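Model, not experiment: these values are computed from the prediction.
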Amino acid sequence: MTTSGNLAYDVLVNDPPPQDGLLPNGEPKRFSPQASTLIYGSEEAVLTDPGLTAEQARAVGDWVEGKGRNLTDIFITHGHGDHWFAAGLLADRFGARVVASAGTIGQMRASAATRPVLWDKLYPGLIPPAPVTAVTVPGNRFTLEGHDLVIVETGDTDSADSTVLHVPDLGLVVAGDVIYNGVHMYLAQRAIVGGLGPWRAAIDTVEALQPRHIVCGHQNKELDDDAGRTIAETRQYLDDADDLLRTENTATGFFNAKIERYPDHLGRMILWIGASVVYGVRDHPEEDIRKIILSSWL
């Protein structure tokens with residue numbers, strides 16, 4: 001928990017839901033840990049990225065209730081379903097508004113459309129109904145007890161139309177999937193946009209905000225929120241990915257080499273999926289990339 005005057009933030013990291021299947025090294029498939037951030041004043045609060053499953057919604061909701069504040073808004077950083085499918089349950093529970101950028105709302109609709117062939121196959125019966133009810137706010141800006149909360153659009157990272165939430169009075173950026181913290185990064189977007197340049201530009205955008213604290217959408221709960229460290233390590237991870245893509249000829253080789261370089265990183269399932277997409281597109285450029293992505297997840 002970090003405070004500044006009457007404003008504070010706290011983070012809850014949810015463990016991934018149970019899942020079937022094994023990775024190439026024989027480990028069980030497990031999704032990445034998912035972080036939700038609560039920014040709160042003396043009476044009101046704003047929640048970001050509430051998670052994926054009904055059980056995660058319950059855990060996040062109980063945590064929010066324990067803070068004793070009125071939850072006014074739920075902010076979604078980007079359209080990947082693991083960051084927002086639980087939003088409806090929490091919006092109903094607390095009477096809160098769901099807020100996102102216009103680009104993110106478009107990506108949310110796309111995720112909702114693919115849910116039956118992807119998310120519900122991965123986690124059958126665990127994900128609640130998830131209508132897209134998010135709204136935009138004028139100038140990508142709203143307030144919490146007089147403090148500005150600024151939606152900053154960052155473009156392509158591990159998702160199209162990514163954003164972060166900047167809280168200047170806390171020196172805080174809630175970074176969604178723009179920055180990672182001790183967790184393997186989802187690299188499939190590299191194959192879609194033709195490289196990691198847009199993601200590096202997004203990191204530059206976050207750094208220009210001069211945050212002291214960064215909460216990452218996927219993070220190891222044992223690590224701190226130091227902005228300088230998380231920015232530097234995210235850049236290094238992308239640099240290492242490009243390096244290994246030049247030397248490793250297969251997705252399995254890339255997967256193993258990444259684990260050797262990052263033995264303590266969590267979320268190896270996401271590493272494998274991203275590698276499968278990147279090498280699948282490289283090896284089969286004639287195939288529909290959407291089919292490659294779907295088969296890599298399943």
Notebook entry, point to check: Tell me the ring pair (Phe, Tyr, Trp, His ring centres under 6.0 Å) pairs involving residues 157-183, sequence neighbours left out?
Noted result: Tyr180-His218
Between [X] (side chain only) and [Y] (backbone N and O only), is there a donor and an acceptor less than 3.5 Å apart?
X: Thr104; Y: Ala100; result: no
X: Asn181; Y: Asp224; result: yes
X: Gln236; Y: Ala232; result: no

Margin query: Please tell me whether Glu260 and Asn256 have a donor and an acceptor in their side chains that are separated by less than 3.5 angstrom.
Written below: no
Notebook entry, point to check: Is it true that the side chains of His213 and Asp225 contain a donor and an acceptor less than 3.5 Å apart?
Noted result: no
Taking only residues two or more places apart in sequence, or in another chain, which ones meet [X] in a side-chain contact (heavy atoms from CB on, under 4.5 Å)?
X: Asp15; result: Lys221
X: Ser159; result: His78, His80, Ser162
X: Ala130; result: Trp84, Phe85, Arg115
X: Arg93; result: Asp62, Glu65

Side chain to side chain donor-acceptor pair (under 3.5 Å) contacts touching [range] (sequence neighbours left out):
range: residues 274-288; answer: Asp288-Arg290
range: residues 266-275; answer: Glu27-Arg268
range: residues 123-136; answer: Gln19-Tyr123

Next item on the list: List in chain and number order the residues that pass ring pair (Phe, Tyr, Trp, His ring centres under 6.0 Å) with Phe142, two or more places apart in sequence or in another chain; answer none if no residue qualifies.
Entry: none
Margin query: I'd like to check the ring pair (Phe, Tyr, Trp, His ring centres under 6.0 Å) partners of Tyr262; sequence neighbours left out, ordered by chain and number.
Written below: Tyr237, His265
Check: Can you pull the salt bridge (charged side-chain N to carboxylate O under 4.0 Å, His left out) pairs that have at least one residue in residues 170-185, sequence neighbours excluded?
Finding: none
Note to self: Checking Asp73 now: which residues fulfil salt bridge (charged side-chain N to carboxylate O under 4.0 Å, His left out) with it, not counting sequence neighbours?
What the structure shows: Arg97
